[in-house]
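Report on the structure given below.
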Amino acid sequence: MFQGLELFGGALLSFLNFKSLFNVIWATELGIIIGMLPGLTATMGVALLTTLTYTMQANDAILILICMYIGSIYGGSRSAILLNIPGTPASASTTLDGFPLAKMGQAGKAIGIATTGSFLGSVIAMVAMAIFTPMIGNVALSFQSFEFVWFAIFGIIICGNLTAPKDPLKGWIAGFLGLFVAMIGMEGIHAYIRFSFGSHNLSGGISLLPAMVGAFGFAEIISVMRHTKVEVINTKIERILPKLKEITKYWKTIIRSGIIGTIIGAVPGVGEDIAAWVSYDMAKRRAKPEEREKFGKGSIEGLIASETGNNACVPGAIIPVLTLAIPGSAPAAVLLGAMLIHGVRPGPLITIESPSFIYEVIAMVFYATIAMFILGLTMVRPMVKILQVPRQKLMPIVFVLCVVGAFALQSRLFDVGIMMFFGVMGFILREMDYPMAPLVLGIILGDMLDKNLRRALILSDGNIAPFFTRPICLVLFIVTMLVVLSRSKWIKSMLGKVFKKKAAA
Amino acid sequence: MTEKSMVKADFVTSVVLMVMGIAILIMSIQMPTMADRNQSVYSAPGVVPGFIGAMISILSFAMLVRALKNKALVEFRAGAIPKGSLSTESTKRILITIVLCLLYAFLLGKIWFGIPTFAFIFVFILVFEYDHKKPISAQARKLLVAALIAVLTTAIVMLVFQKLFLVNLP
């Protein structure tokens with residue numbers, strides 16, 4: 001415990017220099033801008049910055065990426081409040097109460113409350129991260145290949161289930177397509193080249209980042225350009241700093257949303273958008289009747305719930321990245337990719353190999369959270385100007401950045417092609433309601449599944465019993481089955497009949 | 001997408017995915033088992049892709065069954081593509097965006113980065129802002145602004161990325 005505090009203090013001090021603080025400020029502000037602009041998401045921001053900062057030192061680069069991540073998830077609330085358009089999917093539930101507040105002439109107040117909610121959510125999750133990351137890390141040390149196989153499958157299934165609420169089948173298909181993408185190229189045990197069809201470029205495999213820049217950048221550009229322009233609401237922005245009482249009144253909601261956000265963040269691949277929805281929904285159900293009436297019409301409590309929830313999700317999503325090398329959300333997947341590029345190897349061994357790294361990441365989250373809070377409450381008016389830039393002027397610039405970003409990592413035009421391919425495919429798949437998060441999770445987890453499934457089978461000499469008899473495996477198996485079965489209409493109707501019979505008897 | 005066209009899209013994609021899944025499965029089975037190198041059969045490179053191929057086939061089969069239950073074939077009688085959907089404003093905008101981006105990406109690496117980048121941004125802004133009904137003279141400002149944004153972006157991107165971030169440009 002005290003060793004943890006000591007490491008954390010040391011990490012905090014290590015970033016207390018001009019260069020790091022300067023990086024914190026510009027990266028967070030850039031994050032807020034990217035989050036604010038509809039069409040530029042947190043995932044894309046983190047992916048683009050990863051490629052552009054890869055020549056930097058590991059700690060500088062990861063600090064910048066975490067600032068971008070936290071800034072952009074928060075920034076989405078800005079356009080949700082002012083435009084009724086979520087700047088990132090994470091702020092979709094913020095529009096419900098944020099925009100009505102702005103229409104009532106309380107845009108400034110809404111921005112102030114959203115900022116404070118995001119700040120508090122981030123703080124709660126950061127504390128949870130400091131407590132649970134080392135604990136989970138220690139437990140994870142006992143995990144073997146059997147457990148990791150289940151983690152990969154469980155991750156795909158639960159992520160597909162939650163990110164495609166209308167049609168989980170499509171979520172699962174997207175997940176397995178992602179896993180397949182990870183199979184392309186040279187495999188890790190015998191160096192055998194799979195699915196390259198003789199192409200030299202494909203034999204190196206499909207890199208995660210160009211694919212992500214395509215699926216989250218180019219695809220987003222296409223869908224933004226589809227619509228003609230939107231109007232920014234013309235509103236006076238008065239007081240931004242919220243009154244203390246306005247916040248303390250909702251302390252229960254804040255703590256509840258903080259915890260919900262953290263937990264949902266830690267679930268593989270399930271990200272900030274779901275966290276915000278769930279915590280909004282919970283707040284609505286738990287609200288006093290007179291407050292519940294206001295939900296959707298400009299409730300402060302609703303606004304706080306969704307903004308606290310989505311920002312609490314960020315540190316939550318980093319917990320499994322550090323301890324299991326499983327991303328808790330799409331931007332966290334990029335963060336994991338970035339750590340690997342910089343030679344940091346997250347996973348169970350990190351608690352032994354470099355225990356200080358966990359605390360360095362927590363310190364990074366700390367600085368990013370503070371910067372987000374300060375920058376969020378200042379410079380509000382000039383930022384609103386950026387929202388007024390028409391999309392046809394902005395999107396070609398964003399596309400140039402996508403191209404440069406995809407190219408930067410390995411200096412090959414093949415990666416630009418990958419970016420284009422995933423962009424168009426991503427757009428088409430999204431049109432047909434396939435979620436992108438499980439696809440990305442699949443690309444990241446593919447390698448883990450590949451190595452661990454084969455290792456496990458070698459260890460057990462082809463016996464699949466250990467996959468179901470080891471305690472943690474059994475739990476993961478049961479949860480996975482429950483997730484699948486709960487969504488199957490056939491099972492549902494069967495259960496319905498059984499229960500009806502019982503009730504009748 | 002409307003529910004009816006979604007059923008049709010699901011039918012087509014499920015068939016495509018099923019073919020893909022089966023192809024992955026077959027290719028995985030054909031991969032060497034490495035048994036001749038005295039390695040465990042379970043370490044064969046085809047094990048995991050085979051599993052994935054099988055899963056894709058099963059899941060897309062489930063989708064195919066569902067699409068057929070939802071009368072996908074009946075929907076096709078009314079035509080594969082809903083009438084008029086290709087000529088809508090938003091379809092046009094989507095196609096223009098994709099074509100411009102493809103052209104730009106195609107030109108990269110063939111000529112010096114600055115030229116296609118400038119041209120791409122300039123043309124992109126103009127295509128979406130230019131009004132055919134008005135005379136050119138009335139829209140001189142638009143031309144100028146577009147050119148200015150294109151020049152500035154190209155210059156800043158080249159400067160920042162080459163000098164500051166030290167990355168290569170195409």
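Basis for what follows: all heavy atoms, side chains included, without hydrogens, waters or symmetry-related copies. Letters go in sequence order (proteins before strands), and every chain restarts at 1.
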**Report entry** Contact winner vs chain A - B:T97, B:V47, B:L59, heavy-atom pairs under 4.5 Å
**Finding:**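 Heavy-atom pair counts peak at B:L59.
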**Report entry** Largest heavy-atom contact set with chain A, pairs under 4.5 Å, which of B:I24, B:L100, B:I98
**Finding:**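 Of B:I24, B:L100, B:I98, B:I24 has the most heavy-atom pairs under 4.5 Å with chain A.
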[X] versus chain B, the contacting section by heavy-atom distance below 4.5 Å:
X: A:F421; result: neither
X: A:I458; result: both
X: A:D461; result: both
X: A:M419; result: neither
X: A:L453; result: side chain
X: A:T51; result: backbone
X: A:I153; result: side chain

[atom1]/[X] to [atom2]/[Y] distance, rounded to the nearest 0.5 angstrom?
X: A:R391; Y: B:F128; atom1: CZ; atom2: CZ; result: 10.5 Å
X: A:L413; Y: B:K110; atom1: CG; atom2: NZ; result: 7.5 Å
X: B:C101; Y: A:M420; atom1: SG; atom2: CE; result: 6.0 Å
X: A:L459; Y: B:Y42; atom1: CG; atom2: OH; result: 12.5 Å
X: B:K8; Y: A:M432; atom1: NZ; atom2: CE; result: 14.0 Å
X: B:F161; Y: A:L401; atom1: CZ; atom2: CG; result: 5.0 Å

Query - Flag, side chain of A:R194 to backbone of B:P45, donor-acceptor distance under 3.5 Å - result: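 Confirmed, A:R194 side chain pairs with B:P45 backbone.
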Query raised in the report: So, the side chain of A:H190 versus the backbone of B:T33: is there a donor-acceptor pair under 3.5 Å, distance only?
Result: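 Absent.
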Residue pair [X] / [Y], side-chain heavy-atom distance below 4.5 Å:
X: B:I94; Y: A:F427; result: yes
X: B:I121; Y: A:F399; result: no
X: A:Q392; Y: B:V127; result: no
X: B:V145; Y: A:K393; result: yes
X: B:L17; Y: A:L177; result: yes
X: B:S28; Y: A:F195; result: yes

Might you confirm whether atom [atom1] of [X] has over 12 heavy atoms from other residues, nucleotides or ligands at distances under 6.0 Å?
X: B:F106; atom1: CZ; answer: no
X: B:L103; atom1: CG; answer: yes
X: B:K4; atom1: NZ; answer: no
X: A:F414; atom1: CZ; answer: yes

So which part of [X] gets closer than 4.5 Å to some heavy atom of chain A, the side chain, the backbone, both or neither?
X: B:L102; result: both
X: B:M27; result: side chain
X: B:A44; result: backbone
X: B:T154; result: neither
X: B:I149; result: side chain
X: B:Y104; result: side chain
X: B:S40; result: side chain
X: B:M63; result: both

**Report entry** salt_bridge(B:E89, A:R226) N-O dist < 4.0 Å
**Finding:**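 Looking at A:R226 together with B:E89, the answer is no, because their closest N to O distance does not fall below 4.0 Å.
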Quick check for you: among [options], which has the greatest number of heavy-atom pairs under 4.5 Å with chain B?
options: A:E187, A:E431, A:R455, A:K170; value: A:K170
options: A:V404, A:T53, A:V424; value: A:V404
options: A:L179, A:V416, A:L409, A:I221; value: A:L179
options: A:A408, A:S411, A:G462; value: A:G462

Query raised in the report: What pair of heavy atoms forms the shortest contact from A:F407 to B:N168, and how long is it?
Result: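 Closest pair (atom of A:F407, atom of B:N168, distance): CD2-O, 3.4 Å.
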**Report entry** Verdict with reasoning, A:F180 to B:M55, per side chain to side chain contact (heavy atoms under 4.5 Å, CB included)
**Finding:** CA-CA 10 Å; A:F180 171 67; B:M55 285 306 291; over 6 Å; no
